[in-house]
Amino acid sequence: MIVRVLGSAAGGGVPQWNCGCSNCMRARNGEAPMRTQSSIAVSADERTWLLVNVSVDLARQFAATPELWPAAARATPFAAVLLTDANVDHTAGLAEMRQDPDAFVVVSTPVVKSLLVSQLAYERFDRPPHRWIACDPSDRDIARDIGDAVAAQFEILIIDVPGLLPGYAGRGTARGAVVAYVLRERATGASVLIAPVFSDFDEILMKEARTSDVVLLDGSFYSDDEMPRDGLMRKTARSLGHAPIGGVDGTLARVSDLANRRVFVHLNNSNPVLDPASAAAQNVAAAGCEIAYDGMRIPIERT
Ligand SMILES: [Zn+2]
Ligand SMILES: [Zn+2]
């Protein structure tokens, strides 16, 4: 199995068009890599791909990833789009996919589907040739719902995680507001937990993190108060539905004892870990964790 981080940033990317923070300025000046918005591709054979979230940067991300180039005059290299939530930065790529006459499947929880269909007008993906599967988190393998070809390669579980509805829907709580996915390759048993958004690293996430070979984690913010402190936005990380990486109750403290490969994704441009010289980045490295970057290849093998 191979995981490709197509986009490693949170909403806005790095640089964000209206942000003059030090991380955004370093990216503009060429002193740090630019980062597109969060999207992750997974494949067992590097021919058929599953996408976890689709950002507005989709075209640029696909262009930078030869494995995702069309194999014919018009061809779609992915079988399904798995959505973790209804945030605009994770779903705006659907607007680009309107040009696609090939069938693909969208997977989300019922509440996410209903928000995207009613508020963002994506009901076209609930009609042929496409299908939109609305599933609540459960222990059930949903791969067969996507199709036999995907089910032959993967077991797919939807994991309930703590989180909030998007800002445009009031940022309240709702069943299925945010989920994570576990993809397990049938041939090898290799598995990845993809959890780019959560407001708390709870026991359910811990259980899945312990048993997955690779874990992709919400790395939006290092400190709960970094945005108000740096004058970027009044809101804290947790009020936006993201557990911070650092601090006594942060994600790093929870995962520092795990032995598997742990990678922070969905990095907000305010996050000091984007500067490798920062204390935050050094804390992440000292815990044996990694910071994702656009184009990162994560092969997962089991023998
Ligand atoms: Zn996001
Ligand atoms: Zn910035």
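Just follow the structure's listing: the first ligand is 1, and inside any ligand the first atom is 1.
- Between Arg4 and Asp294 no salt bridge is recorded (no basic side-chain N to carboxylate O distance below 4.0 Å).
- Between the NE2 atom of His266 and the NE2 atom of His90, the angle taken at the Zn ion (ligand 1) works out to 90° after rounding to 10°.
- Inclusion of Asp89 in the first shell of the Zn ion (ligand 1) is supported: an N, O or S atom falls under 2.8 Å.
- Taking the six-membered ring for Trp and thresholds of 30 and 60 degrees, His266 and His90 have ring planes more than 60 degrees apart, a perpendicular arrangement.
- For the pair Phe78/Phe104, a side-chain contact is recorded, criterion being any heavy-atom separation below 4.5 Å from C-beta on.
- Side-chain contact check for Glu46 and Ser43: no donor-acceptor pair (N or O, by modelled atom type) lies under 3.5 Å.
- In summary, Asn269 places an N/O/S atom under 2.8 Å from the Zn ion (ligand 2), meeting the contact criterion.
- Cys24 contributes SG and Cys21 contributes SG; the angle these two atoms make at the Zn ion (ligand 2) is 110°, rounded to 10°.
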